[in-house]
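Here the structure comes first, spelled out in structure tokens, and everything after it is commentary.
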Amino acid sequence: MIKEYNTIREVAGPLMLVEQVEGAKYEELVEIELPDGELRNGRVLEVNRDKALIQLFEGVTGVNIFNTKVRFKGKGMELDVSQDILGRVFDGQGRPIDKGPKIIPEKRLDINSSPINPYARDYPSEFIQTGFSTIDGLNTLVRGQKLPIFSGNGLPHSQMAAQIARQAKVLGTEEEFAVVFAAMGITFEEAQYFIQDFQKTGAIERTVLFVNLASDPPIERLTTPRLALTAAEYLAFEIGMHVLVILTDMTNYCEALREVSAARQEVPGRRGYPGYLYTDLSSIYERAGRIKGKKGSITQIPILTMPEDDKTHPIPDLTGYITEGQIVLSRTMHMRGIYPPVDVLQSLSRLKDKGIGEGKTREDHADVFNQLFAAYARGLEARELEVILGEAALSDMDRIFYRFAESYERRYIAQKETEDRDIAFTLDLGWELMATLPAAELKRIRPEFIEKYLSKYKEKVEAT
Amino acid sequence: MDAGSIVKVAGPLVIAEGMQNARIYDVVRVSEQRLMGEIIEMRRDEASIQVYEETGGLGIGEPVYLSGHPLSVELGPGLIESIYDGVQRPLDIIKETAGDLITRGIDIPGLSRDRKWSFNPSVRVGDSVAEGDVLGTVEESVLVEHKIMVPPGVKGVVKSIERLECTVEKTVAVIETENGKDVEITMIAKWPVRKPRPYKEKLTPDEPLSTGQRVIDALFPISKGGTACIPGPFGSGKTVVQHQLAKYADAQIIVYVGCGERGNEMTDVLMEFPELIDPHSGEPLMKRTILIANTSNMPVAAREASVYTGITIAEYYRDMGFSVALMADSTSRWAEAMREMSGRLEEMPGDEGYPAYMGTRIAEFYERAGKVICLGNDDRIGTLSAVGAVSPPGGDLADPVVQSTLRVVKVFWGLEDKLAYRRHFPAISWLNSYSLYIPNLKEYFVKNYGQEWIDNLNRAMVILQEEAELEEIVRLVGLDALSPDNRLIMETAKSIREDFLHQNAFDEVDTYSSFEKMVKLMELIMHFHNQAEDALKNEVPMLDITVLQVREKIARAKYIHEDKKEEFENIKLEITKGFQELKEKLVDV
Ligand SMILES: Nc1ncnc2c1ncn2[C@@H]1O[C@H](COP(=O)(O)OP(=O)(O)OP(=O)(O)O)[C@@H](O)[C@H]1O
Ligand SMILES: [Mg+2]
């Protein structure tokens, strides 16, 4: 039985307090009806004796305290799912907005799923080829990983994410990834960019979109990623698909959380974000993974723009504490015209070790990776030295590494937006660049690999 | 059953009225779903309860049942090889009964009620026994001989005791106490997690806990029964260090608490440990390990409890006379759980919103570590070492959790993101870290590895400090401005960093380094340095020294297998020979 009340006591910010309520439940969904018949949705944030504190997704504008009705629905928020969600577009509350037919639900799922039992998890270890050398070669992504992109305003994170969605594949299988895309507070153009890209490539057929634009109600951003992950879990663990989830922009999500927290007058944590931001974010990010005995998987690529490009800001900081590495984009690289502008030193995939090597990528992968990284780091040191003390201060060896860093950025890191490199190409390119270094400097590579791979590139380099 | 009823639900906090018979810190069951909770505050008949499961859907008026006992763990055979959540529910059994997700209202005891153990009495009928005395033993795993002890506070004469093959609930012995009452002893003991287990006497920890990690064992050692913390920003290597310790520390029992961290990291341990062989015992690592996994997405109140569950289990094995090591990753998540509950209780916030008692709780936790004479007539000695990771916001060490921790622990392994970016792992700063155990351990080191080892270490530390100063100069005027002696310092420092301190946890050989190997490796580096110093005095050019072939071998020496340690001698001879040749060359000219 649905109970109806017209005992609203207070409305402020996104919150509403209702009194004389009987038996309201924490996290229960509510529906409110405005005098003109408009319906809005909300969620119970706290119950205290006969009072219920409600958070309204669409805000409180136009709500009249005296003749607005509140109905408690006796259940939490759910998403209707069936295979037909593929190819469809929903809003931030899970309602179709693409003029397509209503989803005939095979199931209704609670959008706050229970935590995966760590004992039931399977360790992610299958290499995903994204076609980006910086990711595949250095920060290898594996199925079931959560690997965010730490970006900044105006940096090409959307292009990168769309390119990954387009190109991602697991070698040796013909299966394509299903994509679940959640937009939170991004602009119409940004959202359109993704949608058109999915349409152009035909990927839209295996994509589910949940879209909350900058002009849409901010509080809805709190449910958008949870709806998306509920859809992803259904596709991965019930249908058996490999799902790539793109969440953009998590910064807008966190801001919505801060808004609600401020309205509740909670003790603020760093920079006004609530003290439970870590726990809240983990309830999103930890929904990535693999489960023993289940065919599908959920790989997450959350995108966030770092306020003032500051990595220690609570949003990137707490994200980094939960995710399994991060791809950091650099404004300097972007200004120098390098796409993707990945800051190699700050980026890291923590699960790469289990996804590379013989039988997965190639036997020499780990060594090549270590050597390229070390050589590039040394090249950057030489570049720094050059900036401070001038070119004359560089030793011959410094110069060699300086040049290495240059070509490494131009040829290895930089690639075209349409360029889909396979892993062999990426590894070979690494060898080709390393061939410009004295062989004695290649200390991180096992002698047998040097013998096997280096010689043909040495000749090539010497010929030019 | 006595019950109150819910008047408020706010996140993990539930307030119930009609709770006049409840005691603070008692366990309650909330609603008909019987969600587990603990009373953390009482006002009149109102109890504030932290609920160890998700509270969504709970409503006003639902019942809260009292259990009459505090939050406790079950102690007895069957703990080893288990994986529990923060309130000791076995995750493997939860998977069997509830599937892949942890749903609510699951009530499964910590110890199996069906599994049978063979109990071997070690006392006879008529013997007088008192608290801590060993009544009998059980082979819990190939590595762990589990002792069934007389519970604290019990004293009397053994009235009956039998060799039995039975479950944990069956009585294995009866003790008649002085006032004529019989106490039945089973193999299961319950203990409230928030109360430290008693011992006879605390001792000074004076033996190192070897960890197989060179930077730790050589520069910043921890002792058996000691405490250490590893603060560092995300991705700096806290978890890898904790995993390495869990794998290679020479403790007999490992308790690993994953407190509010990643699910996959626990899976990693679960999959790897049964396969990995303990270098000290030759048995799979899992045979000495207990895991507590309350990952970040699991209920926050149970996360708060998880460190107590872990340390109580660890104390229990300490009481049997084992050397136990506990890792907690990360104590910041525990402190944050405290902060969250405190916020919901609307307590007055302290620094960064943490409750004022946070520092006390942290201190109490680490105080439960130590080297002790256990209860019992044999005066056996047990040690409990505790190592906590700390995850400060932005890696800032001014964070209140870091500061409160540093006030109590004796070892500080400071991780630096600068080192991690350069992929110098473990990214433990050699300039800022410290161990206050070094004076206590010195005697042990000299006795076992000789005075030369101590001298080499001291010399190495000085060289590393000199390097830091010289780097300033190089940054301003370039390397060429340095004298040959200073160039040598820079070269040796680099060698210490890259060939000794750097240790790849993912390399089959390098992942573990015995003390013996470590001593030999350092000896090589210092031998080269001494010879080079001498050569410089004889006017050998620095350039000739830097291009000596043998340096390559020093660089690869850390990959020398543990059972081929004689190779170190050969390299040492080669170093001597190399310098000899340089000097001869000079004379020829
Ligand atoms: N000793 C080591 N050898 C090789 N690689 C290491 C070592 N220590 C750390 N790493 C690398 O650093 C990464 C991050 O380490 P780790 O997961 O321990 O960080 P953390 O400090 O626990 O981060 P968080 O606070 O986010 O949990 C690892 O995935 C690994 O790639
Ligand atoms: Mg960690």
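Per chain, numbering begins at 1; letters A, B, ... match sequence-line order.
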Check your understanding: Any luck finding a side-chain donor-acceptor pair between A/R287 and A/T230 under 3.5 Å?
Key -> yes
Check your understanding: Is it true that A/E441 and A/R378 make a salt bridge, defined as a side-chain N closer than 4.0 Å to a carboxylate O?
Key -> yes
Review point. Is chain B contacted by the side chain of A/E28, its backbone, both, or neither, given a heavy-atom distance below 4.5 Å?
Key: neither
Check your understanding: Quick one: CG on B/D268 to OH on A/Y123, what's the gap to the nearest 0.5 Å?
Key -> 4.0 Å
Review point. Nearest 0.5 Å, what's the NZ-NE2 distance between B/K558 and B/H502?
Key: 5.5 Å
Check your understanding: Is there a donor-acceptor contact under 3.5 Å linking the side chains of B/R89 and B/Y84?
Key -> no
Practice item. Answer with side chain, backbone, both or neither: which region of A/P268 has an atom nearer than 4.5 Å to a non-hydrogen atom of chain B? Key: neither
Study note, to complete from the structure: Ranking B/P233, B/A420, B/A293 by heavy-atom pairs under 4.5 Å to chain A gives rank one to B/P233
Point to revise | chain B contact via A/V44 - side chain, backbone, both or neither, heavy atoms under 4.5 Å | key: neither
Check your understanding: Among A/K292, A/E22, A/R121, who wins on heavy-atom pairs under 4.5 Å with chain B?
Key -> A/R121
Practice item. Using a cut-off of under 4.5 Å on heavy-atom pairs, state which of A/E286, A/R290, A/E27, A/E324 scores highest against chain B. Key: A/E286
Practice item. Flag yes if more than 12 heavy atoms outside B/R423 fall under 6.0 Å of its CZ atom; otherwise flag no. Key: yes
Review point. Among A/I284, A/D122, A/L385, which has the most heavy-atom pairs under 4.5 Å with chain B?
Key: A/D122
Point to revise | Per-residue contact mode, B/L270 against chain A (heavy atom under 4.5 angstrom) | key: side chain
Check your understanding: Which bit of A/S395 is near chain B, if near means a heavy-atom gap under 4.5 Å: side chain, backbone, both or neither?
Key -> neither
Practice item. Return yes when atom CD of B/E346 has more than 12 non-hydrogen atoms of other residues, nucleotides or ligands closer than 6.0 Å, and no otherwise. Key: no
Revision key, fill the gap. So, the part of A/R264 with a heavy atom under 4.5 Å from chain B: the answer is side chain
Review point. Would B/R551 and B/D499 pass as an ion pair if we require N to O under 4.0 Å?
Key: no
Review point. Between B/E62, B/R422, B/E265, B/R303, which shows the greatest number of heavy-atom pairs under 4.5 Å with chain A?
Key: B/R303
Check your understanding: Is it the side chain or the backbone of A/V267 that comes within 4.5 Å of chain B heavy atoms, both, or neither?
Key -> side chain
Check your understanding: A/K294 versus chain B, heavy atoms under 4.5 Å apart: side chain, backbone, both or neither?
Key -> side chain
Practice item. Against chain A, work out which of B/P393, B/G235, B/A10 has the most heavy-atom pairs shorter than 4.5 Å and name it. Key: B/P393
Review point. Can you find a side-chain donor-acceptor pair between B/T511 and B/D507 that sits under 3.5 Å?
Key: no
Check your understanding: Is the closest side-chain donor-acceptor distance between A/R43 and A/T223 under 3.5 Å?
Key -> no
**Study point:** B/R556 and B/E552 ion-paired at < 4.0 Å
**Key:** no
Revision key, fill the gap. Per-residue tally against chain A (heavy atom, under 4.5 Å) across B/G260, B/G11, B/G258, B/S332 peaks at B/G11
Review point. Tell me, side chain or backbone of B/I94 under 4.5 Å from chain A's heavy atoms, or both, or neither?
Key: both
Exercise for review: Check whether B/V300 gets within reach of chain A through its side chain, its backbone, both or neither, counting any heavy atom under 4.5 Å.
Suggested key: side chain
Practice item. Using non-hydrogen atoms and a 4.5 Å limit, figure out which bit of B/S391 sits close to chain A: side chain, backbone, both or neither. Key: both
Check your understanding: Pick from B/A98, B/S296, B/G59, B/G61: which one has the most heavy-atom pairs with chain A under 4.5 Å?
Key -> B/S296
**Study point:** Under 4.5 Å from a heavy atom of chain A, the part of B/R104 involved
**Key:** neither
**Study point:** OG-CD distance between A/S297 and A/E126, expressed to the nearest 0.5 angstrom
**Key:** 7.0 Å
Check your understanding: Is it the backbone or the side chain of B/M298 that comes under 4.5 Å from a heavy atom of chain A, or both, or neither?
Key -> both
Check your understanding: Closest heavy-atom contact between B/I60 and A/N48?
Key -> CD1-N, 4.2 Å
Point to revise | Which portion of B/F506 sits near chain A, non-hydrogen atoms under 4.5 angstrom | key: side chain
Exercise for review: Examine the side chains of A/S114 and B/T103 and answer whether a donor and an acceptor come within less than 3.5 Å of each other.
Suggested key: no
Point to revise | Part of A/I291 lying under 4.5 Å from any heavy atom of chain B | key: side chain
Check your understanding: Under a 4.5 Å heavy-atom cutoff, which of A/D280, A/T312, A/D353, A/L345 has the most pairs with chain B?
Key -> A/L345
Point to revise | Ring center gap for A/H313 and A/Y273 short of 6.0 angstrom | key: yes
Study note, to complete from the structure: Between the NZ atom in B/K95 and the CG atom in B/L101, the distance rounded to the nearest 0.5 Å is 10.5 Å
Study note, to complete from the structure: Turns out that what part of B/P349 lies under 4.5 Å from chain A's heavy atoms comes down to side chain
Exercise for review: With a 4.5 angstrom heavy-atom cut-off, could you sort out which part of B/R262 is near chain A: side chain, backbone, both or neither?
Suggested key: both
**Study point:** Proximity breakdown for B/K238 and chain A, heavy-atom pairs closer than 4.5 Å
**Key:** side chain
Exercise for review: Name the region of B/E54, side chain, backbone, both or neither, that has any atom closer than 4.5 Å to a heavy atom of chain A.
Suggested key: neither
Study note, to complete from the structure: Max heavy-atom pairs within cutoff under 4.5 Å with chain A, candidates B/I83, B/L291, B/T55, goes to B/T55
Practice item. Measure B/P392 against the heavy atoms of chain A and call it side chain, backbone, both or neither at under 4.5 Å. Key: both
Exercise for review: Find the one option among A/F237, A/F373, A/Y26, A/Y285 whose heavy-atom pairs under 4.5 Å with chain B are most numerous.
Suggested key: A/Y26
Practice item. Verify the distance criterion only: is there a donor paired with an acceptor across the side chains of A/R143 and A/S125 at less than 3.5 Å? Key: no
Point to revise | Option among B/I106, B/V14, B/V51 that satisfies the side-chain contact (heavy atoms from CB on, under 4.5 Å) test with B/L35 | key: B/V51
Check your understanding: Are A/Y276 and A/E266 close enough that a side-chain donor and a side-chain acceptor fall under 3.5 Å?
Key -> yes
Study note, to complete from the structure: From the list A/Q145, A/K75, A/Q326, the residue making the most non-hydrogen contacts under 4.5 Å with chain B is A/Q326
**Study point:** Atom group of A/E381 that falls short of 4.5 Å from chain B, counting heavy atoms
**Key:** side chain
**Study point:** Heavy-atom proximity to chain B below 4.5 Å, by part of A/A377
**Key:** neither
